[in-house]
Amino acid sequence: MAFTLPDLPYAYDALAGAGMSQETLEFHHDLHHKAYVDNGNKLLEGSGHEGKSLEDIVVATYQADALVQSGLFNNASQHWNHIQFWEMMGPSGQAMPSELETALNESFGSVDTFKQEFSAAGAGQFGSGWCWLVKDKDGSLKVTKTENGVNPLCFGQTALLGCDVWEHSYYIDFRNKRPAYLSNFLDNLVNWENVASRMG
Ligand code: MN3
């Protein structure tokens, strides 16, 4: 089905107090995310994938062995990634549900260790991409990083939390300081209720 740009689940200035400005959200949602939707729709036409869900298009067009992904994959996956990303954030002051805290403690030793691993994955992603907290096929929680638009769907994993480490996500508010953007994301921007709801 055709891709459509969803509204943000909050006002454009809702995250400003948590370190993501209105200007960043206007550029990121209205220009970057919209471009993935518009370009994806052009590439979807005549591709043979028109009848599929967004998730199925991402999985069907991912090429494990290809050095360069197709344009349809890149735009569809980035569309999916951004839908998740908006939902995974909220205004500052969000508490972590106890079941998620317990799961992070069991998987990583402590919430702080999880945050360190997640930040290191994001800071260590060379060039554009994403870092993730995923639930793997065996049920274990893992921190991963992916290049460009590649996401956990490609590996049969459930995305619990993802952070966009393309420069367009942080350059207005943090300039070149990706590690500062990542630590602010974890400390102030994550909607932990949304993350917990994805554990299933
Ligand atoms: Mn982005």
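Each ligand, and each atom within it, is numbered from 1 in the order the structure gives.
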Contact flag H82/the Mn ion (ligand 1), N/O/S atoms, threshold under 2.8 Å: yes
N/O/S atom name from D164 that is nearest to the position of the Mn ion (ligand 1): OD2
Geometric class of the H28/F85 ring pair [parallel <30°, tilted 30-60°, perpendicular >60°]: tilted
Steps toward salt bridge (charged side-chain N to carboxylate O under 4.0 Å, His left out) verdict (K34, D38): CA-CA 6 Å; K34 183 174 189 296; D38 292 345; 2.7 Å; yes
Y36-H79 aromatic ring centre distance below 6.0 Å: no
Side-chain heavy-atom pair W192, L161 within 4.5 angstrom cut-off: yes
N, O or S from H33 under 2.8 Å to the Mn ion (ligand 1): no
Opening angle between NE2 in H28 and NE2 in H168, taken at the Mn ion (ligand 1), to 10 degrees: 90°
